[in-house]
Number of protein chains: 2
Amino acid sequence: MTRPRITRGDLDRNLGLRLRRAHGAVQRHFLDHFSELGLTQKQVSVLWLTGDHPDLAQTDLAAALDMDRATTMALVHGLEKRGLLVRRPSATDRRRIAFRLTDAGTAVLADAKAAIVEHEAWLKDRFTAGELKTLEELLARIYR
Amino acid sequence: MTRPRITRGDLDRNLGLRLRRAHGAVQRHFLDHFSELGLTQKQVSVLWLTGDHPDLAQTDLAAALDMDRATTMALVHGLEKRGLLVRRPSATDRRRIAFRLTDAGTAVLADAKAAIVEHEAWLKDRFTAGELKTLEELLARIYR
DNA sequence: TATTGTTATACTCTATAACTATA
DNA sequence: TATAGTTATAGAGTATAACAATA
């Protein structure tokens, strides 16, 4: 069979592509191993931040996770529908809708954190502590 | 105004989140600066690999870019509809559909490569040569 | 005027499942 | 049996535009 040997050539010097492939691999691992959680990584991030910051508003969340406001809406409304968080207008600024975890949300977050710990261990096990620190710093330079 | 100060706390040690944010920032930069190209980064990757490997089959492409076959279909069909590549059954294995760039595709690829070079320069300028090499190697360990 | 939330809409990427044709 | 392509379908993520309420 004449099966061409695929090399990525110049494309392999494409850092954007490497970033996308790495991100995709991590995403795939999470979906494959933690689908029974019923939450995406992004949803977990929202619950996590809400747990750390009760009365968070959607705008704060959007800024903290680099999201559009409309994108944030969909995420937060989904979690609200599932009873994991409640929203109510802020007392000091009635434009803002503050939200916090319900008891159910707190319980789900605990499970989710355990899943994330396991997921992160899979991801980080391939690096030494020094490499990990380096990688974290280099990645932060891209979005910060 | 009582505006909570948002810290990411433990979440900041989440490597998956850093990866997602970095990937998102790169994606955003590409969309913001090269929308007039009319191609996504992924589409450029397909054209690029096809240019380097005439008579590529969809399965080869899927493997080279970590894509599902169905995902690959949508990508390739879109590029075919726009006249950037042509597909025809392989002579040696009639299950395989080999494809290659049209003249239009070759021309578009040249523009796309110029855009990618500019985009990558924006991305890489924040790193020294040594840091870049390190980052490339560390990222490859995730998907390889 | 600017900010916050909201809704409608759309596109990309990804994936699963079931099917056909070929090896 | 296995592989390659195809189609239908669905979900997540992202974003824009336009609007109402509030600051």
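Naming: A, B, ... by sequence-line order, numbering from 1 per chain.
- Of all the residues in residues 67-87 of chain A, A/R69, A/A70, A/M73, A/H77, A/R87 reach under 4.0 Å from DNA chain C with at least one non-hydrogen atom.
- Residues of residues 35-44 of chain B having a heavy atom closer than 4.0 Å to DNA chain D: none are found.
- Between the side chain of B/R95 and the base of D/dT3, at least one donor-acceptor pair of N or O atoms lies under 3.5 Å.
- Dashed line: the shortest gap from a side-chain N or O of A/T59 to OP1 or OP2 of C/dG5 is under 4.0 Å.
- Residues satisfying the salt bridge (Lys or Arg N to Asp or Glu O under 4.0 Å) test with A/R141, not counting sequence neighbours, are A/E137, B/E131.
- Ranked by how close their nearest DNA chain C nucleotide is to the 5' end, A/Q58 and A/L31 are led by A/Q58.
- For the OP1/OP2 pair of D/dA15 and a distance below 4.0 Å, the side-chain nitrogens and oxygens of B/Q27 include no atom meeting the criterion.
- In this structure, the side chain of A/R88 does not engage the main chain of A/A98 through any donor-acceptor pair within 3.5 Å.
- In B/D32, the CG atom is crowded: over 12 heavy atoms of neighbouring residues, nucleotides or ligands sit closer than 6.0 Å.
- The CG-P distance, from B/L65 to C/dC13, rounds to 11 Å in whole Å.
- At D/dA15, one or more side-chain N or O atoms of B/R28 fall inside 4.0 Å of OP1 or OP2 (strictly under the cut-off).
- For B/F99, the ring-ring contact (aromatic ring centres under 6.0 Å, His included) test picks out no residue, with sequence neighbours left out.
- Every residue two or more places apart in sequence or in another chain that forms a side-chain hydrogen bond (donor to acceptor under 3.5 Å, both in side chains) with A/R21 is listed here: B/D66.
- Contacts of B/R94 classified as side-chain hydrogen bond (donor to acceptor under 3.5 Å, both in side chains), with partners at least two apart in sequence or in another chain: none.
- Residues from residues 17-26 of chain A lying near DNA chain C, meaning a heavy-atom separation below 4.0 Å, are absent.
- In the hydrophobic clustering, A/V117 connects to no other residue, as no ILVMFWY side-chain heavy atoms lie under 4.5 Å from its own.
- In this structure, B/R69 has no salt bridge (Lys or Arg N to Asp or Glu O under 4.0 Å) partners at least two apart in sequence or on a different chain.
- By the 4.5 Å side-chain criterion applied to Ile, Leu, Val, Met, Phe, Trp and Tyr, B/L15 is assigned to a cluster that also includes A/L15, A/L19, A/V26, A/W122, A/L123, A/F127, A/L132, A/L135, A/L138, A/L139, A/I142, B/L19, B/V26, B/W122, B/L123, B/F127, B/L132, B/L135, B/L138, B/L139, B/I142.
- A/E118 meets the side-chain hydrogen bond (donor to acceptor under 3.5 Å, both in side chains) test with no other residue; sequence neighbours excluded.
- With sequence neighbours excluded, the residues forming a side-chain contact (heavy atoms from CB on, under 4.5 Å) with B/T106 are B/L101, listed by chain and number.
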